[in-house]
Amino acid sequence: MTSAAGAATAVAAPGTRGASGSTARRRRHGDTKVAYLMLTPLVVLLAIFVIWPLLHAVYISFFTWSFYAPSEFVGLDNYVNVLTDQAFLSSVLRGLGFAAMVVPAQLLIAFAFANLVKSFSGRMAGVLKVTIYVPAVISEVIASIIFTIIYAYRGGILNWALGLVGRDDTAWLGETGTALPAIAVPAIWIGMGIASLIMLAGLLDIPEAYYEVASLDGAGWWSKMVHITLPLMKNIFLYLLVTGFAGSLQFLVVPLVMTNGGPLESTTLPNLFIFRHFTNDLYSGYPIAAALLLFLVLGSVSAIIFRLVRSEKAVDG
Amino acid sequence: MKRRALLSGLAGAAALAAAGCGSKDSGSGDKAEVTIWQQKFTDQEDAWYKKAVAAYNASQNKVKVVHQIVPADAWDQKMKAAQAAGKAPDVFTLNYNKVQGFARTSQIQALDGVIAADKWSGLQESVVGSITYKGKKYGYPMLVEPSAVLYYRKDLFAKAGLDPEKPPTSWAELVDFGKKLTTKDVSGFSTAGNQIDMGWSTWGLQWNAAGHLPISDDWSQPRANDPAYKPLLQAYQDLYKQGIMPKQPLAPYADATPFGQGKAAMMACGSWAASVLLSDFPKVVGNVAAAPMPSFDGDVTKPTATLGGWTWVIDGKSTKAQAAAEFIAYVLAGDPALLVDYFKTTKFSKYSPRTAVADTISSDPAAKENPWAQTIQDKVVKYAKPEPTYDWSISLAFGKAIEKALQGKDIDTALKEADAEIKDIIAKNNLAGQGTTS
């Protein structure tokens, strides 16, 4: 506003142009100062809590580092140890597999649920929104305990229910084939609330006029979904895909509480792998190098998703 | 993302630790403040720790000891965060098997100079060996407890047509009895079911099967690929495949609750299970008997358990080592009555490595309250080995081999892979030559 007013003055009175220009510059300069001042607290906090720890982490990843014994510079040894450790590579692949189970299921269920909520009236929609959001406010520890009880081999609710139809007890968390899908279920459940609400916000943001016009043109439900809803929800999907993949790769509490990474490491996700090394190893160089490498993996996965699903600026609505 | 989570979590935890647990001199007048962290045990044990600290605080006016109980599952991360912030407690409880690693990395201080020589007399030699590193003593032993004892239900034995007075003495018998005892609702035998629990609970059985642990005494060579280990892995495979042990652990190995609830007819657990059964399941006590874990060749004089337990140590950076040591000496090396009270509290399910305390306990009529204590003392503790002191990753590698067998993988391959993994751990951590005993 201030700059625009200054420019208008300059056009109206050419003789005073130099003076007005310098006033505008001074004002602009003043604005910049205020902007920097207002940004300062955030930048300082970012530097203290993100940038410095990151640089320090990179630094100490080149040492056999403990809090007590003198550190010894080992160059890239920690990185070589991590990258030649089959267990780390397996945990990353397992993490990607886990994310591939969790994210699509979460998106599909959340999308269906958001459409359901949209189709209901205000009061009922409110009840549904609260219901779906409940898992998001339950701590992961509590959710893990609830599902551990459900999956219990003796006396578990799931085996009891399946027993009613004559199925033998299954060790859901005790067998390598079922453990990872079994812990994926609470992971989907926990993340569904937020995903559904974001989807709902995206759906409500699409102008009703588009659908009305499409109806006048004779478009059916499917046509409207394919040609209006899905294209306009693309950025929402992209956001949920990226955050979903990054979040799923980083699950720690669920496998820690439910299986402790077993059986046979079939549920040792990357963060649990690093956490175990961090708490058990006498030196911390290895887990820090592993954490930084996982950071690269997460960045790469996010970049690939962005590349595959190009985001676009919303044209309208 | 991960880095941010890890480091901000670390910073947050460190701040919490600093706020709640650090050594501070303020608020206690002229008294120096010494902090002790104790891992959460049973409520009764926690109460005893509080009592011991209060007794010491009342006994003198130079030092105020501040006591904090830390849940077992939060211990490692809380301690790491406190160490990172330079706010670790002056005194903390530590397992014997961790003492040498902590001493090697300067995380704890030698106590020889701060606890008088006469306070060390009358301690079991093997236990002193566990807390000794390069000739110096790094912890004061509090208790020992065998890691594996066989508890079994006499009533269920009788119901299955087995003689309740004759527990299995070999692993072949264990499998055979287990099969007879298994029903739809009751597992024949319950024991560790994952690599972490198997990593430590089978140390005694590893000795039993092969006469050694899966690494050479000087930690220079792996010894996991010894065919003598095959019966151990085979036994776990049989127990699992035949449905004798539950397909999914009913609880962690150290937790005797499912056995108390009647979900298993036989259970492998440490001597501490006695305290849980006596306190929480008094109705089943009359039907429970204890015996040594079976031996692979039936030889009852071979070790079946290791003597684990707890020692008190002083943090490597503590500036109040002398005051901390005086507190430790008061509780663990002072009047035996204070410690005897601890063993009473835990229903005599643990054993003192200090002769003065052990003698008082054995002459205490209340010791009969634990009907299994004498059997465990005579048949398990007598032949037990000290806990190994090598890095946990070695134990975990062997635990993984047993879990592979349990999940039906080839036993030879599992042992070979464990051997290769231990070799790799030795190389990556420069362990060769660091071992003094195993």
Side-chain angles (χ1 to χ4, degrees), chain A residues 48-50 53-54 56-57 66-70 77 81 84-85 87 151-156 169-176 246-247 249-250 252 256-257 259-265 270-271 274-284 286-288 290-292 294-295 297-299 302, chain B residues 1-8 10-11 73 75-77 79-80 82-86 88 98 101-102 104-108 184-187 193-197 240 243 246-250 252 258 261 263-264 315-317 391-393 396 400 403-404 406-409 421 424 428-430:
Chain A
I48 293 173
F49 292 107
V50 179
L54 174 62
H56 190 60
S66 88
F67 306 112
Y68 288 78
D77 280 6
N81 286 345
T84 54
D85 189 344
Y151 289 133
Y153 182 61
R154 285 195 190 281
D169 288 352
T170 303
W172 298 102
L173 300 175
E175 286 174 12
T176 48
L249 260 171
Q250 293 185 86
L252 168 69
L256 180 69
V257 174
T259 58
N260 213 344
L264 269 188
E265 298 183 347
N271 264 4
I274 293 167
F275 176 78
R276 271 206 209 136
H277 274 278
F278 183 67
T279 50
N280 291 332
D281 290 6
L282 292 171
Y283 295 98
S284 296
Y286 179 99
I288 295 210
L292 290 170
L294 181 63
F295 173 62
V297 171
L298 286 166
S302 303
Chain B
M1 282 284 198
K2 165 62 202 145
R3 160 203 36 87
R4 272 172 63 176
L6 178 68
L7 289 169
S8 57
L10 186 59
D73 53 0
W75 178 274
D76 287 333
Q77 55 268 42
M79 180 59 84
K80 282 271 181 183
Q83 288 180 331
K98 287 187 176 168
F102 274 46
R104 197 170 78 233
T105 46
S106 310
Q107 293 182 60
I108 50 177
K184 190 179 180 302
D185 300 315
V186 179
S187 294
N194 61 58
Q195 57 186 266
I196 296 172
D197 279 349
Y240 189 82
K247 298 275 181 193
Q248 194 170 305
L250 301 173
Q261 290 170 332
K263 290 181 181 172
D315 181 67
K317 286 182 183 168
D391 290 32
W392 167 241
S393 50
L396 196 61
K400 200 186 293 176
E403 194 181 13
K404 281 179 185 168
L406 186 129
Q407 291 283 346
K409 312 274 181 212
E421 190 174 339
D424 192 44
K428 282 180 178 167
N429 295 281
N430 296 318

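Naming convention: chains lettered A, B, ... in sequence-line order (proteins, then strands); numbering from 1 in each chain. The structure presented is a predicted model; accordingly, all values stated were derived computationally and were not measured. Only this structure's heavy atoms are used, side chains among them; waters, hydrogens and symmetry mates stay out.
A salt bridge is absent between B/Asp76 and B/Lys80; no separation between the charged side-chain nitrogens and carboxylate oxygens falls under 4.0 Å.
Between atom OH of residue A/Tyr153 and atom CH2 of residue A/Trp172 there is a gap of 12.0 Å, rounded to the nearest 0.5 Å.
With contacts defined as side-chain heavy-atom distances shorter than 4.5 Å, the pair A/Asp169/B/Gln248 does not qualify. The closest side-chain heavy-atom distance from A/Phe278 to A/Asn271 is not below 4.5 Å. Contact of the A/Leu54 side chain with the A/Leu292 side chain is registered, since non-hydrogen atoms from C-beta on lie closer than 4.5 Å.
At a 4.5 Å heavy-atom cutoff, B/Asn429 makes no contact with chain A through either its backbone or its side chain. Of the two parts of B/Thr105, the backbone and the side chain both hold a non-hydrogen atom closer than 4.5 Å to a non-hydrogen atom of chain A. Using a 4.5 Å cut-off between heavy atoms, A/Ser284 contacts chain B through its side chain alone, with no backbone atom that close. The contact between B/Lys409 and chain A is made entirely by side chain atoms (from C-beta outward), counting heavy-atom distances below 4.5 Å. For B/Gln107, the parts lying under 4.5 angstrom from a heavy atom of chain A are both the backbone and the side chain. Within the 4.5 angstrom heavy-atom criterion, no atom of A/Asp77 approaches chain B. Only the backbone of A/Ala152 has a heavy atom closer than 4.5 Å to any heavy atom of chain B. Residue contact with chain B, scored on non-hydrogen atoms closer than 4.5 Å, is absent for A/Tyr286.
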Under the criterion salt bridge (Lys or Arg N to Asp or Glu O under 4.0 Å), I'd like the reasoning laid out for B/Arg104 against B/Asp391: C-alpha separation, chi angles, the key distance, then a yes or no.
CA-CA 11 Å; B/Arg104 197 170 78 233; B/Asp391 290 32; 3.3 Å; yes
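Chosen from A/Gly262, A/Pro263, A/Ser66, the residue pairing most often with chain B at heavy-atom distances under 4.5 Å is A/Pro263. Interface remark: of the candidates A/Val297, A/Leu264, A/Thr279, A/Thr259, A/Leu264 forms the most heavy-atom pairs closer than 4.5 Å to chain B. With chain B as the partner, the residue from A/His277, A/Glu175, A/Glu265 showing the most heavy-atom pairs under 4.5 Å is A/Glu265. Between chain A and the residues B/Gln407, B/Lys184, B/Lys263, the largest count of heavy-atom pairs under 4.5 Å involves B/Gln407. Chain A forms the most heavy-atom pairs under 4.5 Å with one residue out of B/Pro249, B/Gly193, B/Ser187, B/Ser393, and that residue is B/Ser187. In terms of non-hydrogen atom pairs under 4.5 Å with chain B, the most contact-rich of A/Asn280, A/Leu252, A/Leu256, A/Leu249 is A/Asn280.
Applying the side chain to side chain donor-acceptor pair (under 3.5 Å) test between B/Gln195 and each of B/Lys400, B/Lys404, B/Glu403 identifies B/Glu403 as the sole match.
Residues satisfying the salt bridge (Lys or Arg N to Asp or Glu O under 4.0 Å) criterion with B/Asp315, sequence neighbours excluded, are absent altogether.
With hydrogens and angles ignored, the 3.5 Å screen pairs a side-chain donor or acceptor of A/Arg276 with a backbone N or O of A/Asn260.
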